[in-house]
Amino acid sequence: MPPPLPPDPIEPCAPAPAMDAALPAAVVATILSRLDVRSLLLAAAACRGLRACASHALAFLPSFHLLEVALTHELLRPLLPPNPSLRSLRLDCARLEDAAIACLARPGLHELLLLNCDNISGCLLCELGTTCRDLRVLSLNSLGARRGLVVNFSDLQELLNGCSQLESLRLALDFSTFDDPNFGHVWASASESLSSLEIGYIPMTMLLELLAAVTEAQQCMDYVKAPVFFPSLQKLCLAVDFITDHLIGSISVALPSLTHLDIQDAPIVEPNSSSDLTNAGLQQINPHGKLKHISLMRSQEFLVTSFRRVNDLGILLMADRCSNLESVCLGGFSRVTDTGFRAIIHSCSGLHKLRVSHGSHLTDLVFHDIIATSLCLTHVSLRWCKLLTNVGIERLSCNKDLNVLDLRDCRSLGDEAVRALSCLPKLQTLTLDGTDISDQSLKYLGLGTCPLTSLSLRGCRKLTNDCITLLFAGPVRQSLQVLDLSRIPSITDDGIMLLARSRTPLIELRMRENPKIGDASVMALASMQLDGGTYGSSLQLLDLFDCGGITPLATRWFKKPYFPRLRWLGITGSLNRVMVDALSRSRPFLHMACRGEELGTVLWDTSSDWYRHNDEDLDELEQWLLEGEPVSDDDTIMEE
Amino acid sequence: MAPPATDAATTKQEQQHAAGGEGVEVGGDLRLVAECGTVVRLSRSAARMSTTLFDMIEAGCAEGGIPIKGADVGTLRLVAAYCEKHAPHYDPVASAARLRDPFPPFPIEFTPASYAVKPVTQLDPDPHGLEAWDRKFISDLPDNSALFNLIIVANLMAIEDLVDLGCTAVADKMRGKTPDEIRVALDIENDYTPEQEAEVRRENAWAFED
């Protein structure tokens, strides 16, 4: 038997070439240009060579997206050198003022998305119209909201005249600031390729003037001189004060090729019969059958009210001519019963998204024979549908493609419903706020096969600490990133310690208004380590507003190095003003909400309502009023 | 500077391709000669993906062995495998457009865990299985130097898609990591003095999680 070979001589083998030695600087810069801004800066701190390549890369970065931190102008300027290749810029402008406009309005930009522009005036629009001639997509939030800043009609005019390639325009602001006799006509000079228009809020009178101008131009026989309005418009999304028949009719006449219509209103007084939506109005929707998405919502922000003058007949007639619909949102149609909702489900064979809010007459019958249809629902939201029971959800869960399911405030839903849902193979977001579930539901979810990433159990008062153990017993542990355990009185520090021990890589955790959550929970979360050994909790958002057991000591646990990735923190500000202020000074880029605001980027965006909590949480009195809503027959206008 | 060169090469590629695709005579496979002398064969259709080789075919000097300076056999074989796999579905115009505009506007999601929740309604975006193959191709590479060599050779042969794939793979190794983790992952030596490093961290303090 030959003796074992001696070990190789101890000769250092040539070390693997380090990246900066192996690759030419231009290639390294290209590699860095594929990183997000933050990763780029972290890479720059790795070695001097990378730093040089990083500053080179910043000069030809195609996109610059930084939404999670609001930088000041001083910090932002070195990161945005003159860059002719920059096409997409997305920033949080909470700390920027007009001085930063030059930094934001860059020639060559195709996409610009700015959040929290409260401290920037209308000059931004003017500058964009002059400089960003190639702009395709523009989205701005709350421009000039700070007192003293001015946003003029002339700014809008400059923007529309200048950006002639604009395809998508979203101005989430109050359009009454643009009030002017020429408001209607300025849109004729807007880009011809404008296909999507989203307006924050517009008074109905202004909107009707605009639509009147559009209709007038359409009917004008003098084709050479007639102004052309919105030739390519497909998507319209706005909020008005009142939705009326006249408004719907005007939109249908003026904009016949819409595929996506999204209107919301928030009445401050009870609409009377001449200024409300009725069955007749609904009939006018979608005259050419092109509509794919419809959303009509009456918000109860100011008044507890609903579309009282629309009943099943209106929905039936609408469903008849809207069979191409893929997405339907009906909010505040409290007189519509199962007949109406079934009509939608059975007429719209391509339906993917269904959202019903305040469906007080919606029952299980709606989904009774949904299995007989070929529907492939992916996003379903049934909010405040208190007659819906477990049977209905069992039927609904025949849709195996369900991805997002929102069942907030459906009081009659319980554990059996969750059992049916727990075998859905694609369910990622589940919201069960205010339902009647118990720990058993969490057992089903823990044992089930849903690849849940977001679970909300706010206000499910029957849950106890056991629910946490049950939930994290199974594969949900690996996928869950967002969890809401607010307003559950029986959750205590022990429960949170179990959660911390489970090592789930949570990104968002909300535990608002829980009387028994205290400092021990904060300590447990702070010392939570991930699998893989990265030190420090993965949490980016933590909401502890009004938790009974949190004392000023807890603020010490938010100092570095704990919670390294935390970006949003909700805490009761009156706890200890001094310590809270000290914390916000030591972590200047931590958004702190001290007065109970909901956390997460506050954004007016109807599509994100699928994932966020609305600020429409009713208080007890309003809930009682809604339930005791008198059904008066004289109010309803019958179809003749 | 990397991008202008890429643009110029790709536009040229587009032109060439539009001009004389059909006229080229259907000859045998190309023979690429590695640094050590071993020959790696590459079919003509696969060679289209390399602007350099395409130009040589057009110019008629692609007969005989084509020496690829600085390329070892392993890397050359990998490059050949990539080209063979992608050749049937190669569209130079689409490829150029994608590389020129790598970040077209896409739907915006604003919750912190935005990358987590994505609806699953889209039709299969990867009809030929190329993306899955690419992912496996990259993950099968034994170490960083293999990846770097791949990028170097692809750059040499002007195969834009492969350079893009390689660069993105390296970027993925750096994404979301702290400087220490990046140094470990890519075998980089820290040549900052402590003062310099502190200064770098202070400049953009918001980015560093400490």
Side-chain angles (χ1 to χ4, degrees), chain A residues 16-20 22-23 26-27 29-31 34-35 38-39 41-48 51 60 62-63 67-69 71 75 85 87-88 111 113 136-137 352 378-379 401 403-404 426 428-429 453-454 481-482 507-508 540-541 560-561 564-565 567 589 600-601 603 605 608 611-612, chain B residues 1-6 101-105 107-114 116-121 143-145 148-149 151-152 155 163-164 166-168 170-172 174-183 186-192 196-197 200-201 203-210:
Chain A
M19 184 177 89
D20 43 0
L23 296 171
V27 175
T30 312
I31 291 171
R34 283 175 173 54
L35 289 174
R38 192 178 189 172
S39 299
L41 293 173
L42 291 173
C47 75
R48 290 204 292 243
R51 184 157 185 250
F60 65 83
S63 84
L67 291 171
E68 73 263 25
V69 176
L71 293 183
L75 286 174
S85 316
R87 295 282 172 265
S88 168
E111 178 192 77
L113 188 145
R136 307 273 199 272
V137 175
H352 287 305
T378 58
H379 291 58
D401 287 316
N403 184 229
V404 174
K426 295 187 187 171
Q428 287 185 300
T429 305
T453 55
S454 169
Q481 293 178 329
V482 176
I507 292 180
E508 289 184 36
Q540 292 181 16
L541 184 152
K560 302 180 183 189
R565 293 185 183 82
R567 288 288 168 208
F589 297 101
T601 44
L603 184 65
D605 183 352
S608 73
Y611 308 123
R612 261 183 47 233
Chain B
M1 216 184 263
T6 309
D101 201 0
F103 292 99
I108 300 147
E109 295 143 67
F110 293 111
T111 56
S114 60
V117 185
K118 282 189 169 47
V120 291
T121 42
D143 57 20
N144 286 338
S145 41
F148 299 154
N149 286 338
I151 298 176
I152 292 169
N155 200 20
V163 173
D164 181 42
C167 288
T168 311
V170 180
D172 287 343
M174 293 178 7
R175 201 183 309 275
K177 293 202 165 122
T178 65
D180 277 324
E181 288 163 356
I182 293 175
R183 287 184 199 124
L186 295 169
D187 215 358
I188 295 172
E189 193 197 311
N190 182 3
D191 55 359
Y192 282 120
Q196 285 171 338
E197 188 165 351
V200 170
R201 283 169 177 254
E203 261 174 4
N204 288 297
W206 58 269
F208 292 91
E209 313 161 341
D210 274 323

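We name chains A, B, ... by the order of the sequence lines, and we start the count at 1 in each one. We use all heavy atoms of the structure for the numbers below, so side chains are in, but hydrogens, waters and symmetry mates are not.
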Shortest non-hydrogen separation from B:Pro179 to A:Leu42 and the atoms involved: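 For B:Pro179 and A:Leu42, the tightest heavy-atom pair comes out as CG-O, 3.4 Å.
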
Distance-minimising heavy-atom pair for B:Phe208 and A:Leu41: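 Residues B:Phe208 and A:Leu41, closest heavy atoms: CZ-O, 3.9 Å.
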
Kindly compute the distance separating CG (A:Leu71) from CH2 (B:Trp206), expressed to the nearest 0.5 Å.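 It comes to 5.0 Å.
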
Measure the CD1-CG distance between B:Ile182 and A:Leu35 for me, rounded to the nearest 0.5 Å.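 Those atoms lie 7.5 Å apart.
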
Is there a donor-acceptor pair closer than 3.5 Å between any side-chain N or O of B:Arg175 and the backbone N or O of A:Arg34?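 Yes.
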
If you count heavy-atom pairs under 4.5 Å with chain B, which of A:Ala46, A:Ala44, A:Ser39 comes out on top?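 Greatest number of close heavy-atom pairs with chain B: A:Ala46.
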
Looking at B:Glu197, B:Glu203, B:Arg183, which makes the most heavy-atom pairs under 4.5 Å with chain A?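 Result: the option with the highest number of such pairs is B:Arg183.
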
Looking at chain A, which one of B:Asn190, B:Ile151, B:Thr168 has the largest number of heavy-atom pairs inside 4.5 Å, strictly under?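 Of the options given, most contacts go to B:Thr168.
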
After noting the C-alpha distance and the side-chain angles of B:Phe148 and A:Val27, does the key distance pass the side chain to side chain contact (heavy atoms under 4.5 Å, CB included) rule? CA-CA 10 Å; B:Phe148 299 154; A:Val27 175; over 6 Å; no

